[in-house]
Participant: 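Got a structure for you, written out below as structure tokens; questions coming shortly.
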There are 2 protein chains.
Amino acid sequence: MKLKLQFSPAGGTTCKVVPGPTLKRLPPYHRFLKEWQAMGRRTVSCTDIGARLALDPTQVRKDLESVGVAGKPRVGYVLENLIRDLERFLGWNNLNHAFLAGAGSMGSALLGNRKFEQCGLKIVAGFDVDPLKIGTKIHGTQILPAEKMKELAQRMRILIGILTVPATEAQAVADGMVAGGIRAIWNFAPVRLHVPEHVIVHDEDLYCSIAALSQKLFANLQMRPQATPAMARNISAAVPMR
Amino acid sequence: MKLKLQFSPAGGTTCKVVPGPTLKRLPPYHRFLKEWQAMGRRTVSCTDIGARLALDPTQVRKDLESVGVAGKPRVGYVLENLIRDLERFLGWNNLNHAFLAGAGSMGSALLGNRKFEQCGLKIVAGFDVDPLKIGTKIHGTQILPAEKMKELAQRMRILIGILTVPATEAQAVADGMVAGGIRAIWNFAPVRLHVPEHVIVHDEDLYCSIAALSQKLFANLQMRPQATPAMARNISAAVPMR
DNA sequence: TAGATTGTTAATCGATTAACAATC
DNA sequence: TAGATTGTTAATCGATTAACAATC
């Protein structure tokens with residue numbers, strides 16, 4: 001197997017870069033493999049994975065290749081090894097500590113999700129400006145005053161920040177995160193953040209999702225009405241037809 | 001301007017198809033245009049938009065072309081018209097009614113988001129199996145017993161379902177939605193749903209986001225350490241290097 | 001052995017970027 | 001007019017899909 005290496009400008013370090021689309025398919029693979037394992041299987045083929053996830057088997061093979069695991073012709077992949085390698089690749093073995101800013105309803109929902117830890121993300125503290133929330137615990141995680149975030153992030157060498165504050169506050173809070181040494185921001189606010197280029201932003205824009213969903217729904221209704229005119233009318237003004 | 005039309009197999013209807021990546025950029029455009037308008041501007045150019053959102057101006061122009069709006073050379077686009085056309089295209093003028101299944105922390109967070117209505121999505125009812133939640137209102141929306149969902153969806157001709165139940169229940173609840181005539185499911189459960197082909201599923205997989213975020217963070221730390229060895233070690237086992 | 005499946009290279013497809021003429 | 005910006009076509013880039021030899 002050949003590995004593509006990319007030379008990094010900073011030094012002698014090389015670092016394999018996985019295409020974004022591939023990366024997004026890996027967690028579903030992992031989930032399926034766990035199911036498969038629970039069914040008592042010992043090996044799995046790309047055909048198996050592709051069948052369940054509605055993906056081209058060739059694509060699955062390419063994806064696994066870029067993770068760097070090897071299979072055996074005619075047999076497939078050893079399930080146990082594949083799961084282990086995937087988890088290692090995704091960094092799900094060791095926890096990254098994260099701060100969460102904004103303990104509103106979305107922030108609380110994230111604090112309540114214990115499954116994140118299985119994916120290597122541990123929210124170690126929440127921050128808010130609301131005196132009623134400060135000092136309390138939400139789903140077991142301490143809520144601290146927002147003004148302490150920067151200093152604590154520095155001291156604890158936190159690298160990941162989760163941003164669940166209102167859109168109006170997002171940029172200011174993000175600035176604080178950056179000042180505290182945070183290198184990656186998971187942004188739930190519907191705002192394009194300005195950050196230095198050494199900081200990564202991953203936008204979780206639910207409004208974009210709504211747009212995509214209703215657009216696809218509309219196109220789909222066009223093709224297969226199966227609905228009374230009244231139903232179609234409910235949505236038909238959504239997209240201009242030409 | 002030429003418009004690409006796609007013939008739909010079902011009948012004489014034509015329906016313009018917008019590439020997915022384009023669609024996801026439209027809500028950010030809209031947001032920026034509103035800001036721009038608040039600043040008192042009357043026109044906007046692709047260069048303006050691209051500069052703020054870190055996008056190639058040509059790409060912005062292509063995107064606007066596929067929405068079907070026209071600008072004027074040397075002037076740009078009339079802001080008011082552009083905003084209006086974007087909203088119309090995205091269907092943000094008229095509301096689509098949606099049901100939400102699973103009034104847990106994530107479900108409640110979505111119920112609490114009043115901004116969704118500005119994007120054409122109105123959650124008209126929530127459903128849950130918990131007797132303590134049934135009959136109450138969460139953020140002003142009534143929570144009803146889960147077993148009523150299917151029939152109500154049919155009667156109210158609901159087309160959109162939001163799925164915020166635990167992974168174990170997701171498929172069963174989705175089946176109920178489909179049986180109730182729902183045509184689009186916004187799925188927050190980390191499961192690949194099986195649905196008939198006339199039903200659309202949009203996955204909101206936070207675990208994939210975590211994977212993408214930590215992977216990008218790791219690659220970034222490789223290139224620009226700027227961190228003490230201890231910091232890097234915190235995360236370095238995450239991805240096998242070769 | 002036979003045949004399914006991997007590994008790998010080539011072809012296709014779609015989106016982004018570049019180039020440039022048209023135009024206000 | 002001059003020059004910025006649109007509209008549009010061509011080139012590039014990257015990801016997906018197809019093809020096929022290698023192999024257990």
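In the text below, chain A, chain B and the rest are named by the order of the sequence lines, each starting its count at 1. A quick note: this is a predicted structure, and the numbers were derived from the prediction, not measured.
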Participant: Who are the side chain to side chain donor-acceptor pair (under 3.5 Å) partners of S45(A), not counting sequence neighbours?
Facilitator: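 So S45(A) forms a side chain to side chain donor-acceptor pair (under 3.5 Å) with D48(A).
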Participant: When Watson-Crick pairs (N1 to N3 and N6-O4 or O6-N4) and G-U wobble pairs (N1-O2 and O6-N3) count only below 3.5 Å on both distances, what is the dot-bracket string of DNA chain D, with | for other-strand pairs?
Facilitator: ..||||||||||||||||||||||
Participant: Test of understanding: with salt bridge (charged side-chain N to carboxylate O under 4.0 Å, His left out), list the residues that count as partners of R31(A), not counting sequence neighbours.
Facilitator: D205(B)
Participant: T43(B): what forms a side chain to side chain donor-acceptor pair (under 3.5 Å) with it, not counting sequence neighbours?
Facilitator: none
Participant: Check side chain to side chain contact (heavy atoms under 4.5 Å, CB included) between K34(A) and all other residues, then give those that pass, not counting sequence neighbours.
Facilitator: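 Per chain and number, K34(A) pairs via side chain to side chain contact (heavy atoms under 4.5 Å, CB included) with H30(A), Q37(A), I83(A), E87(A).
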Participant: Please name all residues satisfying side chain to side chain donor-acceptor pair (under 3.5 Å) with E117(A), sequence neighbours left out, ordered by chain then number.
Facilitator: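 Here the qualifying residues are K122(A).
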Participant: State, to 0.1 Å, how close N220(A) and H198(B) come at their nearest heavy-atom pair, and which atoms those are.
Facilitator: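 Reported closest heavy-atom pair: OD1-O, 3.1 Å.
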Participant: What does the list of N/O pairs under 3.5 Å between the protein and nucleotides 16-18 of chain D look like, with a distance for each?
Facilitator:
from	atom 1	to	atom 2	distance (Å)
dT16(D)	OP1	R25(A)	NH1	3.0
dT16(D)	OP2	R25(A)	NH2	3.2
dT16(D)	O5'	Q59(A)	NE2	2.8
dT17(D)	O4	K62(A)	NZ	3.3

Participant: Using the side chain to side chain donor-acceptor pair (under 3.5 Å) criterion, which residues pair with Y29(B)? Sequence neighbours excluded.
Facilitator: D63(B)
Participant: Filter on ring pair (Phe, Tyr, Trp, His ring centres under 6.0 Å), then keep only pairs touching residues 36-80 of chain A, sequence neighbours left out; what's left?
Facilitator: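 Sorted result for residues 36-80 of chain A: F32(A)-W36(A).
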Participant: Show each protein N/O and nucleotides 2-6 of chain D N/O combination with a separation under 3.5 Å, one pair to a line.
Facilitator:
from	atom 1	to	atom 2	distance (Å)
dA4(D)	O4'	R74(B)	NH1	3.1
dT5(D)	O4'	R74(B)	N	3.2
dT6(D)	OP1	C46(B)	N	3.1
dT6(D)	OP2	R61(B)	NE	3.3
dT6(D)	OP2	R61(B)	NH2	3.2
dT6(D)	O3'	G71(B)	O	3.4

Participant: With F116(A), which residues qualify under ring-ring contact (aromatic ring centres under 6.0 Å, His included), at least two apart?
Facilitator: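 Once residues adjacent in sequence are excluded, the partners of F116(A) under the ring-ring contact (aromatic ring centres under 6.0 Å, His included) criterion are W186(A), Y207(B).
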Participant: Would you be so kind as to tabulate the donor-acceptor pairs closer than 3.5 Å made by side chains of residues 165-177 of chain A, with sequence neighbours excluded?
Facilitator:
from	atom 1	to	atom 2	distance (Å)
Q171(A)	OE1	H194(A)	N	2.9
Q171(A)	NE2	D175(A)	OD1	2.8
Q171(A)	NE2	H194(A)	O	3.0

